[in-house]
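So the structure is just underneath, and the comments pick up after that.
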Protein chains: 2
Amino acid sequence: MHSDLESILKTAGQSVTKPRQAVFETLSHTDEPLKNGEIAKRTPQVDRASVYRTLELFTKLGITTTTIRGWTPFTELAEPFKPHHHHMICEHCGSVEEIASDTLEDVLTLIANRHQFILKSHTVELSGLCDSCSKSLPQPVAS
Amino acid sequence: MHSDLESILKTAGQSVTKPRQAVFETLSHTDEPLKNGEIAKRTPQVDRASVYRTLELFTKLGITTTTIRGWTPFTELAEPFKPHHHHMICEHCGSVEEIASDTLEDVLTLIANRHQFILKSHTVELSGLCDSCSKSLPQPVAS
DNA sequence: ACATAAATGCGACGTAATCGCATTTATTAT
DNA sequence: ATAATAAATGCGATTACGTCGCATTTATGT
């Protein structure tokens with residue numbers, strides 16, 4: 001199996017180029033999803049248009065996944081570079097916790113099967129209050 | 001319990017204004033998620049900036065939910081105006097199927113609980129091939 | 001090393017989204 | 001009802017986002 005960028009690109013019949021490696025590097029250097037623009041900023045040696053084209057390719061190849069927060073897309077590495085996971089985002093402090101659950105995955109597979117749907121990918125985002133914020137915040141007043 | 005826009009806004013200490021009602025009307029008149037810009041176009045009597053501010057408020061109050069497709073955010077009414085659901089999107093024909101599953105909801109609640117996380121909202125998006133597309137498309141060649 | 005196809009950088013463009021501020025509107029108390 | 005005041009809107013300007021066509025550069029396979 002391929003497990004590095006080069007083999008994935010080659011397997012897909014795509015060229016291994018410096019810009020693509022640079023974007024990949026940028027993504028590797030962080031553990032949080034980044035705004036697309038932020039990825040571009042952190043990869044100044046690569047033109048913005050190329051960053052977008054690369055990100056589009058990466059997503060198509062499953063190298064990255066994109067999720068939304070507010071109205072802004074955030075992109076991060078996907079499997080096999082990061083274990084499969086989803087996000088739990090605190091509305092108050094903005095912290096992002098990664099979650100993984102086989103049960104969850106099973107349920108999603110089941111739902112897809114039930115609809116004759118061939119599941120290629122999926123995203124799950126939970127939003128609420130993290131442990132510490134829920135403790136430090138005053139309770140909502142019941143009237 | 002409140003079940004209409006007016007009571008939700010009032011309960012939240014927000015003003016009931018014509019622009020907000022207009023945006024809400026626009027959202028009510030469709031059953032598919034719309035691009036934010038499209039919502040603005042369909043609500044020409046309201047300034048674009050106000051549409052965005054309204055959408056931001058609506059999302060904070062849980063009146064609407066926003067999901068991403070490609071890199072573009074789509075917004076639609078949430079509960080109680082639409083029954084709680086998620087999306088299954090065909091990569092090939094772009095069709096959107098709504099899905100709902102108590103089991104799925106239970107699993108998400110469990111995961112949140114396990115992390116002491118107070119779950120306020122969540123999104124789930126499945127991507128792949130719908131039944132008809134998977135039948136009409138040629139099978140990928142195994143090499 | 002060379003030919004060729006593919007990807008990049010660049011510049012320009014159209015759209016999306018945000019901001020500050022004067023004006024208008026909704027709300028609350030009188 | 002009406003007036004006071006706090007909030008939301010519209011407007012114009014501005015910034016950021018994302019896309020496109022095309023000349024140039026780079027990777028690839030022979």
Side-chain angles (χ1 to χ4, degrees), chain A residues 2 4-27 33-61 63-76 94 143, chain B residues 2 4-27 33-61 63-76 94 143:
Chain A
H2 51 237
D4 60 309
L5 181 63
E6 238 185 273
S7 358
I8 295 183
L9 289 174
K10 284 186 175 163
T11 304
Q14 296 286 335
S15 303
V16 180
T17 67
K18 281 178 188 165
R20 289 174 181 173
Q21 290 172 318
V23 170
F24 184 81
E25 267 301 295
T26 299
L27 290 169
L34 296 178
K35 288 188 198 187
N36 296 332
E38 181 64 25
I39 297 171
K41 274 181 202 147
R42 294 193 188 187
T43 321
Q45 69 272 36
V46 179
D47 186 74
R48 217 180 49 258
S50 297
V51 171
Y52 278 99
R53 284 185 285 235
T54 298
L55 252 23
E56 187 184 3
L57 174 69
F58 279 8
T59 297
K60 197 184 331 184
L61 297 183
I63 296 170
T64 54
T65 56
T66 302
T67 53
I68 198 173
R69 201 156 311 157
W71 292 333
T72 312
F74 284 72
T75 304
E76 68 181 326
S143 61
Chain B
H2 50 237
D4 60 307
L5 180 63
E6 240 185 272
S7 358
I8 295 183
L9 288 174
K10 285 186 176 164
T11 303
Q14 294 287 335
S15 303
V16 179
T17 67
K18 280 178 189 167
R20 289 174 181 174
Q21 291 173 317
V23 170
F24 183 81
E25 267 300 295
T26 299
L27 291 168
L34 296 179
K35 288 188 195 183
N36 296 332
E38 180 64 25
I39 296 171
K41 274 182 202 147
R42 295 194 188 186
T43 322
Q45 69 273 34
V46 179
D47 186 73
R48 216 180 50 258
S50 297
V51 171
Y52 279 99
R53 284 185 286 234
T54 299
L55 252 24
E56 188 184 2
L57 173 68
F58 279 8
T59 298
K60 196 184 332 182
L61 297 184
I63 296 170
T64 53
T65 56
T66 301
T67 52
I68 198 174
R69 202 154 311 158
W71 288 333
T72 312
F74 284 73
T75 304
E76 68 180 325
S143 61

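Every value quoted in this text rests on a predicted model; they were computed, and no experiment measured them. Every chain is numbered from 1 and lettered A, B, ... according to where its sequence line falls, protein lines coming before strand lines.
- Rounded to whole angstrom, the span from the OH atom of B:Tyr52 across to the P atom of D:dG10 amounts to 15 Å.
- Note on B:Ala49: a base of the nucleic acid sits closer than 4.0 angstrom, heavy atoms only.
- Taking atom CG of residue A:Asn36 and atom P of nucleotide C:dA16, one finds them 16 Å apart after rounding to whole Å.
- A salt bridge does not link B:Lys60 to B:Glu56: none of the charged side-chain nitrogens sits closer than 4.0 Å to a carboxylate oxygen.
- The shortest distance between the side-chain N/O atoms of A:Arg53 and the OP1/OP2 oxygens of C:dA7 is not below 4.0 Å.
- Remark: B:Ile63 CD1 to B:Arg20 CZ distance equals 9.0 Å, nearest 0.5 Å.
- C:dT24 atom P lies 14 Å from atom NZ of B:Lys18, rounded to whole Å.
- Look at NZ on A:Lys10: it is 12 Å from C1' on D:dG29, rounded to the nearest Å.
- Position along DNA chain D of the nearest nucleotide to B:Val51 versus A:Asp47 favours B:Val51 as the more 5'-ward residue.
- Here the C1' atom of nucleotide C:dT8 and the CD atom of A:Glu56 are 15 Å apart, to the nearest Å.
- One finds no side-chain N or O of A:Arg48 lying less than 4.0 angstrom from the OP1 or OP2 phosphate oxygen of C:dG9.
- Listed pair B:Thr17 / D:dT9 meets the phosphate criterion, a side-chain N or O lying under 4.0 Å from OP1 or OP2.
- For A:Thr75 and A:Thr64, the side-chain atoms include no donor-acceptor pair closer than 3.5 Å.
- Ranking D:dG18, D:dT9, C:dA17 by closeness to the B:Ser50 side chain, first place goes to D:dT9.
- When heavy atoms are screened at a 4.0 angstrom cut-off, A:Gln45 is found touching the sugar-phosphate backbone but no base atom.
- Within the structure, every side-chain polar atom (N or O) of B:Gln14 is placed at least 4.0 Å from both OP1 and OP2 of D:dA7.
- Atom NZ of B:Lys41 and atom C1' of C:dA16 are 10 Å apart (whole Å).
- When the side-chain nitrogen and oxygen atoms of B:Ser15 are compared with OP1 and OP2 of D:dA7, none of them lie within a distance under 4.0 Å.
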